[in-house]
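Atoms within a ligand are numbered from 1 in the order they appear, just like the ligands themselves.
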Amino acid sequence: MYKCAIILAAGQGKRIKSTVPKVLHKVAGKEMVNHVIDTIRNAEVDDINVIIGKGADLVREKTADRNVSYSLQEEQLGTGHAVKCSKEFLRDKEGVVAIFTGDAPLITSETVKKLIDTHVSDKNSATLLTSLIDNPTGYGRIVRSNNNVEKIVEHKDCSAEELKINEINAGMYCFDIKSLVDALDKLSNNNAQGEYYLTDVIGIFKNEDKKIGAVITEFEQTIGVNSRVELATVEKILRDKINRYHMDNGVTIIDPNGTYIGIDVVIGQDTIVYPGNYLEGHTTIGENCVLYPNSRINNSTIGNDVEIQSSVIIDSIVGNETTVGPFAYIRPESKIGNNVRIGDFVEIKKSTIDDNTKVSHLTYIGDAEVGKNCNFGCGTVVVNYDGKDKHKTIIGDNAFIGCNTNLVSPVEVKDNTYIAAGSTITKEVPEGSLAIARAKQTNIAGWVDKKGLKK
Ligand code: UD1
Ligand code: CA
């Protein structure tokens, strides 16, 4: 059977008090709407349509790599109106549409699958996801009679009796496409909020004797984020879950409360993560690594047996048995080889550093290609910028760069070379040679005495 999904993401989210649309606020390093998209995608849905409105361009931009289509809801007149805006997307389709809100990121693919499977196997016209909670304030209530779902009543429209119901609407549903499209035309906005509620479709189906089912799931998965406090609540739940997953896979996390691992991060067995690490984006950490405290690693691939401490690594690759930090900064598009040392106060930008090279301290390398077995003395600077353009530096294998060298780009240092400390290199250093590029030392004998400065 054909299965598609709609994600509601057009609201601003007044209660979150932000200039950024609510669904773009991040949980575990990923926008809420992208959590929902990825989860639905994993549940093997054919097409996904995202309803956008407030901050539409930004939502499009942040979801651009996810192969979804969009429908525009120019005015936010309610969740029912939002779904109506996907008319074009639903046109001539037959089968199941699953509808989710973009502000409930904890739902799992298993639950989405279960919802769709139940809907299909029970031959329902609508199937809701619900959960049971002690304090249902704010949520739509599930009204049942003889155990069958009759309707959903929004919190603000509830009678005193209905307010006591503790089965809530998760805002996640499956519908038969044709029946849904028909019912959307029958919605009215005659309610406390003056909005067209998607939830009213259930009551309409009931009146038409259509079959309605419900799948009850744990509340945690259905939490909707409306405020910053709820954002932090959801963040904590997801972080704990992610940390537990890695620990179950053989990763030591010394203090899970102080370790922040994004949802798409992969970590190999026997790696040890100290507190204060932020691992974000599509980052992969190999096996047997030690991540000492306080690093931020974003969209990077780290090999096996690597040690990193108090450093920042962004959009880069680090090879096996390499050590980084403390206080190193590896900027985008860098590729660090195996058994390399990137030491303290070293900045690498858009450069390749090949195997067994040591850059131990206080060095800047930008727009450079560095070979194998090189040694950078303390305080080396690649002078890659002339005030107007960036230029490239190429260093071969086995180069020994003396302390406090400037490499004025574009420049090339060939294999098996030495550069004397304090040199400012502006010309090629040919293979096998020693380059000295500094003023010769002169000693003026007896100068201190002559000046009467002797102490
Ligand atoms: C909604 C449900 C409620 C449920 C709760 C679960 C309705 C009427 N109510 O309430 O029963 O318990 O979710 O979290 O559906 N949106 C649009 N266009 C609009 C309005 C909203 O795209 O015109 C989007 C929002 O961006 C958001 C989602 O729909 O992602 C839910 O909207 P929200 O205002 O948060 O609904 P709730 O009041 O939480
Ligand atoms: Ca909500």
Side-chain angles (χ1 to χ4, degrees), residues 5-16 18 20-25 27 31-37 40 49-56 58-59 63 70-86 99-107 126 128-133 135-143 149 151-158 162-163 165-173 175 180 183-184 187-204 214 217 219-231 233-234:
I6 291 174
I7 299 171
L8 307 184
Q12 177 69 33
K14 285 195 197 91
R15 290 162 282 180
I16 207 158
S18 174
V20 176
K22 179 172 71 178
V23 297
L24 293 183
H25 284 258
V27 171
E31 298 81 6
M32 289 197 277
V33 66
N34 281 330
H35 278 281
V36 179
I37 293 174
I40 295 174
N49 188 251
V50 182
I51 315 283
I52 51 176
K54 283 273 156 43
L58 203 57
V59 178
T63 54
Y70 302 91
S71 299
L72 188 64
Q73 185 193 24
E74 280 177 33
E75 250 187 308
Q76 284 65 55
L77 304 178
T79 49
H81 177 258
V83 176
K84 242 178 148 169
C85 294
S86 69
I99 301 185
F100 292 84
T101 56
D103 64 352
L106 295 182
I107 189 71
L128 335 171
L129 195 68
T130 74
S131 65
L132 299 164
I133 45 170
N135 178 11
T137 303
Y139 288 95
R141 307 297 205 282
I142 306 295
V143 178
V149 177
K151 59 178 175 176
I152 302 172
V153 184
E154 286 308 292
H155 180 89
K156 288 184 178 158
D157 299 293
C158 279
E162 287 163 344
L163 283 175
I165 298 173
N166 66 349
E167 184 180 11
I168 58 113
N169 169 32
M172 307 175 193
Y173 329 75
F175 293 101
L180 174 68
L184 288 174
L187 292 178
S188 91
N189 62 352
N190 185 15
N191 53 50
Q193 301 185 82
E195 291 183 358
Y196 295 90
Y197 293 159
L198 177 61
T199 44
D200 285 349
V201 167
I202 301 304
I204 293 171
T217 190
F219 172 64
E220 209 174 80
Q221 283 196 40
T222 68
I223 300 178
V225 173
N226 298 312
S227 67
R228 305 264 182 174
V229 171
E230 284 161 348
L231 188 68
T233 304
V234 162

- [ ] May I ask you to check whether over 12 heavy atoms, not counting those of K84, lie within 6.0 Å of atom NZ?
- [x] yes

Task: Close approach, L77 and ligand 1, non-hydrogen under 4.0 angstrom - done: yes

Task: Atom of M172, atom of A104 and distance for their closest heavy-atom approach - done: CE-CB, 3.5 Å

Task: T137 versus N135, side-chain donor and acceptor atoms under 3.5 Å - done: yes

TODO: Write the atom name of the N, O or S atom in D103 that is nearest the Ca ion (ligand 2).
DONE: OD2

- [ ] Would you confirm whether any non-hydrogen atom of the protein falls under 4.0 Å from atom 23 (O) of ligand 1?
- [x] yes

Task: Contact summary for K151 and I202, nearest pair of heavy atoms - done: CA-CG2, 4.0 Å

TODO: Distance to 0.1 Å, residue and atom name: give those for the protein heavy atom nearest to atom 10 (O) of ligand 1.
DONE: E154 OE1, 3.9 Å

Open item on the list: Yes or no, since that's all I need: does a protein heavy atom fall within a distance strictly under 4.0 Å of atom 1 (C) of ligand 1?
Closed with: no

TODO: Run down the list G80, S71, G11 and name the one with the heavy atom closest to atom 25 (C) of ligand 1.
DONE: G11

Task: Residue-ligand contact G78/ligand 1, heavy atom below 4.0 Å - done: yes

Task: Any E75 heavy atom less than 4.0 Å to ligand 1 - done: no

- [ ] Please say whether more than 12 non-hydrogen atoms of neighbouring residues, nucleotides or ligands are located less than 6.0 Å from CD in Q193.
- [x] yes

Open item on the list: Side chain, backbone, both or neither: which applies to A9 and ligand 1 if a contact is any heavy-atom pair less than 4.0 Å apart?
Closed with: backbone

- [ ] Measure the distances from the heavy atoms of I51 to every atom of ligand 1 and state whether one is below 4.0 angstrom.
- [x] no

- [ ] Go through the side-chain N and O atoms of D200 and Y196 and say whether any donor and acceptor fall under 3.5 Å apart.
- [x] no

Open item on the list: I'd like to check whether G224 has a polar contact with ligand 1, where a contact means an N/O of the residue lying under 3.5 Å from an N/O of the ligand.
Closed with: no

Open item on the list: With a 3.5 Å distance limit and no angle check, can you tell me whether R141 reaches the backbone of L163 through a side-chain donor-acceptor pair?
Closed with: yes

Open item on the list: Between N49 and S86, do the side chains contain a donor N or O and an acceptor N or O under 3.5 Å apart?
Closed with: no

- [ ] Check each heavy atom of A10 against ligand 1 and say whether those closer than 4.0 Å belong to the side chain, the backbone, both or neither.
- [x] both

TODO: May I ask you to check whether N226 brings an N, O or S atom to under 3.0 Å from the Ca ion (ligand 2)?
DONE: yes

Task: For atom 29 (O) of ligand 1, closest protein heavy-atom neighbour - done: L8 CB, 3.4 Å

Task: Under 3.5 Å side-chain donor-acceptor pair for E195 and H81 - done: no

Open item on the list: Would K14 count as a contact residue for ligand 1, given that I'm defining contact as a non-hydrogen atom of the residue lying under 4.0 Å from a ligand atom?
Closed with: no

Task: Expected output: side-chain Q12 to main-chain S18 donor-acceptor under 3.5 Å - done: yes

TODO: Measure the distances from the heavy atoms of Q73 to every atom of ligand 1 and state whether one is below 4.0 angstrom.
DONE: yes

